[in-house]
Amino acid sequence: MAEHMDPEEFRRAGHAVVDWIADYWATLGQRPVTSQDPPGALAAALPAGPTAHGEPVAALLADLDALVAPRLTHWQHPGFFGYFPANTSGPSVLGDLVSSGLGVQGMLWASAPACTELETVMLDWLAGLLGLPERFRSTGPGGGVIQDSASSATLVATLAALHRASGGRWRQVGVDRRYRAYTSTEGHSSIEKAARIAGLGRDGVRVVAADPQTLAMDPDALRAAIRADVAAGDVPAIVVATIGTTSTTAVDPVPQIGAICAEYGVWLHVDAAYAGAAAVCPELRWSHAGLEYADSYCFDPHKWLLTGFDCDAFWVADSAELVEALTVLPEFLRNAASDSGAVVDYRDWQVPLGRRFRALKLWFVLRWYGVEGLRAHVRSHVALADRFAARVRADDRFVLAAPHPFSLVCFRLAAGDDEASAGLLERVNATGRVFLTHTRVAGRFTLRLAIGSPLTTQAHVDDAWELVASAAG
């Protein structure tokens, strides 16, 4: 039987692992952004099963180098411009290391008091950093919690909205009539998934038209959809507005949407998964106008705020509604602190019972970078996106496909069909120097360049443009 790793062995192994990560970051720019191997290559290289006896950490690190790292898509690479960023940073990794070392389970205040209280304070810090409405703070009726992703935040908001829309019946009898969820044609796929999990089905989601120019939800179309559903005897339950849509980072008109939700008593959830981080900069808070109407709001520090996945910050204006919708209290979880009503039990704010100490990595990041460091990070990427967009605009072979208020640029070839732009993307990514993804804007194949890695500099963005321009012929 293998012996447990004692503290001194852990110290030596930990130094080796940190050195490996540091060397990985130092050499990222020299690696291809994406794997060049076919599907199944890693699986074929691994043994059929585990060894009978334990192996040293050095052997694990050697296989990380030889087998795993070459077959990754390197999300921290300075030439990674795909999807949205999934930042991490040194402070975040160290916070996660401490969390793993402590190994606490934060389902209840009583199970890990500091885990709960640090999370509450961190979400209040973030609310202040983003300039969120006071009603989202823990000092009032609302408060914040860390979910694993914006998808989970949307699901939790949907469940709370159903509880409210049913007058509390949902908790006992489930979905007993036709409830409706609303989002725009540009809304995230997680909205449909949340509706399906919640029992509404895909047909329970009303997809609202977007303005063809701004690609933001059309408030008049939303009002018409709600009015039609009410007339048909259906119950409007939740509207999901988006600040920074996935395809193009369009910003839905939350003030107008919020007024409609208030008029009809519909829960308003605002999904700012990517672009919420922009609000750390006062000059970009225009995107958050109308949040005073929101019943819930979320954004992902794990996208653009240097905090490793998974970390979604989710706030509600009335935490009592959320707890009432989700709480289940078996006898084995009863304790004096919870019974007193003086503490927060975050198990009642999410779908799973258990939860990790995710607030630690957020605490490390906020303290290491400070407010001005985070603002500088966001501003630098917005400036780099502006620089790339200017190059696109100046070349008559290309067109910008959508506005670029943050750090995503959507563009395509001005001439030729979709196959031409798709071919361009394939040639650019085949170089291994950069990685871009695509979407469709107004039905047209469109390239997306999303800037987010903390290692990305002006030189990397300029290199990406030169690759695009030369591959266009």
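Predicted, not measured: the structure shown is a model, and the values here were computed from it.
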Side-chain (K361) to main-chain (P91) donor-acceptor, under 3.5 angstrom: no
For M217 and V240 the tightest heavy-atom approach is CE-O, 3.7 Å
Verdict with reasoning, R135 to E292, per salt bridge (charged side-chain N to carboxylate O under 4.0 Å, His left out): CA-CA 8 Å; R135 65 196 197 128; E292 66 274 8; over 6 Å; no
Parallel, tilted or perpendicular, as decided by the 30° and 60° cut-offs, for the rings of W315 and F299: parallel
For the atom pair CZ (R347) and CG (L108), what is the distance rounded to the nearest 0.5 Å? 5.5 Å
N/O donor-acceptor pair under 3.5 Å between S407 side chain and I451 backbone: yes
Does E119 reach the side chain of Y346, with side-chain heavy atoms less than 4.5 Å apart? yes
Can you confirm whether or not the ring centre of Y297 sits under 6.0 Å from the ring centre of H269? no
Can R448 be said to sit on top of F84's aromatic six-ring, NZ or CZ under 6.0 Å from centre and within 45° of the ring axis? yes
Please say which of Q147, H302, R358 ends up in a side-chain hydrogen bond (donor to acceptor under 3.5 Å, both in side chains) with D310. R358
Separation of N87 CG from D300 CG (nearest 0.5 Å): 11.0 Å
R180/D234 ion pair, N-O < 4.0 Å: yes
Looking at Y24 versus H74, is the centre-to-centre ring distance below 6.0 Å? yes
Answer whether the closest heavy-atom distance between the side chains of D252 and I243 falls below 4.5 Å. no
Kindly say whether the aromatic ring centers of Y274 and W304 come within a distance under 6.0 Å. yes
Side chain of H460, backbone of T457: donor and acceptor closer than 3.5 Å? yes
Between the side chains of T242 and D271, is a donor N or O closer than 3.5 angstrom to an acceptor N or O? no
So, applying salt bridge (charged side-chain N to carboxylate O under 4.0 Å, His left out) with D229, which one of R223, R206, R177 is it? R206
OG1 on T154 to CD1 on I238, rounded to 0.5 Å: 7.5 Å
Apply side chain to side chain donor-acceptor pair (under 3.5 Å) to S338 and W109, showing your working. CA-CA 8 Å; S338 296; W109 179 90; over 6 Å; no
Under 3.5 Å, is there a donor-acceptor pair between the side chain of S35 and the main chain of L72? no
Are side-chain N/O atoms of R355 and Q105 paired as donor and acceptor at under 3.5 Å? no
Could you grab the distance from atom CG of L305 to atom SG of C311, nearest 0.5 Å is fine? 9.0 Å
Could you walk me through whether R164 and E321 pass the salt bridge (charged side-chain N to carboxylate O under 4.0 Å, His left out) check? CA-CA 8 Å; R164 177 197 283 180; E321 281 189 302; 2.9 Å; yes
For the residue pair F314 and I146, establish whether any side-chain heavy-atom pair is separated by less than 4.5 Å. no
About how many Å separate CG of L425 and CZ of R412, when rounded to the nearest 0.5 Å? 14.5 Å
Worked verdict on R137 versus D124 for salt bridge (charged side-chain N to carboxylate O under 4.0 Å, His left out): CA-CA 6 Å; R137 312 293 177 91; D124 282 345; 5.5 Å; no
Taking the side chain as C-beta and beyond, is there a heavy-atom pair between L366 and L374 under 4.5 Å? yes
Tell me if the centroids of the rings in W170 and Y179 come within less than 6.0 Å of each other. no
Distance, nearest 0.5 Å, that separates CG of L447 from OG1 of T439: 10.5 Å
Checking side-chain polar atoms at under 3.5 Å, does W267 have a donor or acceptor matched by the opposite partner on S296? yes
Is D203 salt-bridged to R178, going by a charged N under 4.0 Å from an acidic O? no
